[in-house]
Number of protein chains: 2
Amino acid sequence: MKRPTIADIARRAGVSKGAVSYALNGQPGVSEATRQRIVAIAQEIGFNPNSAARALSGASARAVGLTLCRPARILGIEPWFMGLISGFEAELSARSYALTLQVVATPELEVEVYRRWWGERRIDGVIVTDLRENDIRIPVLQQLQLPAVVIGGPGETGDIAQIWSDDAGAITEAVRYLVALGHRRIARVSGLPGLLHTQTRTRAFNDICDSLGLEAVTIPSDYTGEEGSRATRRLLIDTARPTAIIYDNDVMAVAGLAVAQEMGLAVPGDLSIVAWDDSPLCSLVHPPLTALTRDIAEYGAHAARELLASIDGKQVTNVEAGTAHLTPRGSTAPPR
Amino acid sequence: MKRPTIADIARRAGVSKGAVSYALNGQPGVSEATRQRIVAIAQEIGFNPNSAARALSGASARAVGLTLCRPARILGIEPWFMGLISGFEAELSARSYALTLQVVATPELEVEVYRRWWGERRIDGVIVTDLRENDIRIPVLQQLQLPAVVIGGPGETGDIAQIWSDDAGAITEAVRYLVALGHRRIARVSGLPGLLHTQTRTRAFNDICDSLGLEAVTIPSDYTGEEGSRATRRLLIDTARPTAIIYDNDVMAVAGLAVAQEMGLAVPGDLSIVAWDDSPLCSLVHPPLTALTRDIAEYGAHAARELLASIDGKQVTNVEAGTAHLTPRGSTAPPR
DNA sequence: AGAATTTACTGAACCGGGTAAGTTGTGGTG
DNA sequence: CACCACAACTTACCCGGTTCAGTAAATTCT
């Protein structure tokens, strides 16, 4: 089936292509009567402007890109990413921007994808997640002058805007809460050590523990359930085992809960558990997990809004998008 | 920064635009020496063909579309979709096709998005999930002659290929297994009743129960943890409460497990639980859940392959992509 | 009434690739 | 040597919108 073009509309309306273009885009240059006639014809024959032709004439691609550089199997279980994506979608679809997604294996490939997408004019901007120390993507984005927003930070991103939340404040709150309950041996199972926000959290965790005179034990992990289980086992077989563990994501926290129960420890009696980033998963398990809650979808929506503003040429500055707050549930209690 | 075009390459190589186009696309019409010179220049200045211009000249958009018509909050926790998406990506990125994603609220909007994407020549084909009875998307796809592959079925899709797995066989296996363990009162918490595969499963569940002389109780739900909990509670307060429950997804199964434990029932002693679609979630909880396992990512990859074949103009037929098989874990045992 | 301005258009160039058709230059053949 | 075949290009137009310069008619101003 041949897809109709503005030339078809022009022929049927007895006007020129240019007039049709003006009419359909709400530009001045056509009378109201003609505009309505043209719009009616467009409706009738089911016209949709060819985005390729439009993009070719200098207009935008009306799409933003997102690359994810994590093993696919993590994506399947990490509520974080789908939460973010939902948030992006909410904002993007409202302005009929599409989200173009690509899972890649390494940061180098990520850079490749950025270059290609931008060169091909497939996207108008990108959302960058999982900021690393000396992230190789930042200089490339600056060189390409590709509109971008970084989720996470604060870090070195030059003039690229960042959306971040106060991770240091959140973890401090969690530690204070556990200490108030009477815990003295608090451990932490962290996410990928290469990521900047992991480092921020680790630093803040060390700081608060130091200032309270506690020993700060952090076992680095990778957000997977398997690694979360392993780290938990390592912590719990220790003679001086912790009475509370803070996990950097919900998946590891749930895995840790299972390990504790397997080993015959009562949660929260023998071990308290705090998960970073709340998700339905945390309230589904038994006991439900105390978590550091933030509105991930809103976080994503915020990032999308900033990116769209940046694409529109507005100057965008770093924004803090709400601190995570503690949601106490059944997995935390004073130690026995 | 100005992005380079073939005209820039042509100027630097001292040839015409046409020659550059032939050279870069491996077409005959240029000498090997010239071709290499042109390719070298393209490399050097970081040339990427503008996808819009390419698409305008009749080439493909090198992108496929996926719309998801489910509440955003479900996407966040359903491992199924991210598993599928990982599978798509694996196949698509290998052929440098992009995946364009849009979350929509209703099937009507979904149809709108198909029309728009296809009209705008933004995509070359779509992957359709969550097939319904008399699905309104099917006639539209046929009318538009938009290449498509349906995940799920078998159902009425005319000449649009389907990728499906033998749900009836899988649920029969699960029921047989539970009966072999000694269960006589087996209930089921299903997914959205409007979806075709829910109906297939319900029919098969009724059939096998009938043939074994068991009463078939199915409570319809919507894949969310909340509804899963509610359905489980309804089943467990019954005087003739079931000794085993089969859930249509992992999220509801985990929620059900939590409800049982809350009510003081031992799993698997007082209640056995089977989840449909395995995921790391199932092995994370305690006890780990017996599940109907299938390789979701491979399922998605399969669908992507078929769609790409269909875009290439090949005739694609319905394919069965492996039956789910039972993975017994700690949540099933003979009833006490 | 005549000049100046505004309105409502038309026509053509343009975006950046793809490609059919035409133009060279070279070598081989009868 | 004339003729042909073929490689190696160039030229020119296409795709489907956007946009700018131009133009004729209608309206406003003086």
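Below, chain A is the first sequence line, B the second, and so on; all start at residue 1.
For Arg35(B) and dA7(D), the CZ to C1' distance is 12 Å, given to the nearest whole Å. As rounded to whole Å, 16 Å separates atom C1' of dG17(C) from atom CZ of Arg121(B). The CG-P distance, from Asn50(B) to dG17(D), rounds to 16 Å in whole Å. Atom-to-atom, CZ of Arg11(A) to C1' of dG11(C) comes out at 17 Å; the value is rounded to the nearest Å. Rounding to whole angstrom units, CG of residue Leu24(A) and P of dC9(C) are separated by 13 Å. Rounded to an integer number of Å, the gap from Arg122(A) CZ to dC15(C) P is 22 Å. Rounded to whole Å, the distance from CH2 on Trp118(A) to P on dG16(C) is 13 Å. The distance from atom CD1 of Ile6(A) to atom P of dT19(D) is 11 Å, rounded to the nearest whole Å.
Considering only the side chain of Leu56(B), dG16(D) comes nearest among dA8(D), dG16(D), dG17(C). For Phe47(A), taking side-chain heavy atoms from C-beta onward, the closest of the listed nucleotides dG17(D), dG17(C), dA8(C) is dG17(D). Listed nucleotides dT10(D), dG16(C), dT10(C) differ in distance to Ser57(B); the shortest reach to its side chain belongs to dG16(C). When distances run from any side-chain atom of Ala53(B) to the nucleotides dT10(D), dT18(D), dG17(C), the shortest one goes to dG17(C). Checking dT10(C), dG17(C), dG17(D) against every side-chain atom of Val15(A), the shortest atom distance belongs to dT10(C). The side chain of Gln27(B) approaches dT19(C) more closely than any other nucleotide in the set dT19(C), dG16(C), dT18(D).
The 12-atom threshold is not exceeded at CD of Gln315(B), counting heavy atoms of other residues, nucleotides or ligands nearer than 6.0 Å. Residue Glu44(B) qualifies as enclosed at atom CD: its count of foreign heavy atoms under 6.0 Å is above 12.
Lys17(A) contributes a side-chain N or O that forms a donor-acceptor pair with the base of dG17(D) under 3.5 Å. With hydrogens and angles left out, the side chain of Tyr22(B) and the base of dA20(C) share a donor-acceptor pair within 3.5 Å.
Using a 4.0 Å cut-off, no side-chain N or O of Ser51(A) falls inside it from OP1 or OP2 of dG17(D). The phosphate of dT18(D) has OP1 or OP2 within less than 4.0 Å of a side-chain N or O from Asn25(A). For dA8(D), neither phosphate oxygen OP1 nor OP2 lies less than 4.0 angstrom from any side-chain nitrogen or oxygen of Thr34(B).
As judged by a 4.0 angstrom heavy-atom cut-off over every strand, Gly58(B) is placed among residues making no nucleic acid contact. Residue-level contact check: Ser16(A) touches the bases, meaning some heavy atom is under 4.0 Å from a base atom. Within the 4.0 angstrom heavy-atom criterion, only backbone atoms of the sugar-phosphate kind lie near Thr5(B); the bases stay farther away.
Between Val104(A) and Gln102(A) there is a side-chain heavy-atom pair separated by less than 4.5 Å. Side-chain contact between Asp124(A) and Tyr97(A) is present, with heavy atoms from C-beta onward closer than 4.5 Å. By the 4.5 Å heavy-atom criterion applied to side chains, Leu24(B) and Ile6(B) are counted as neighbours.
Judged by closest nucleotide on DNA chain D, Arg37(B) is the one of Arg37(B) and Arg54(A) placed further toward the 5' end. Comparing Gly14(A) and Ser21(B), the nucleotide of DNA chain C nearest to each residue sits closer to the 5' end for Gly14(A).
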Test side-chain hydrogen bond (donor to acceptor under 3.5 Å, both in side chains) applied to Ser51(B) and Arg62(B), step by step: CA-CA 8 Å; Ser51(B) 65; Arg62(B) 295 201 82 77; over 6 Å; no

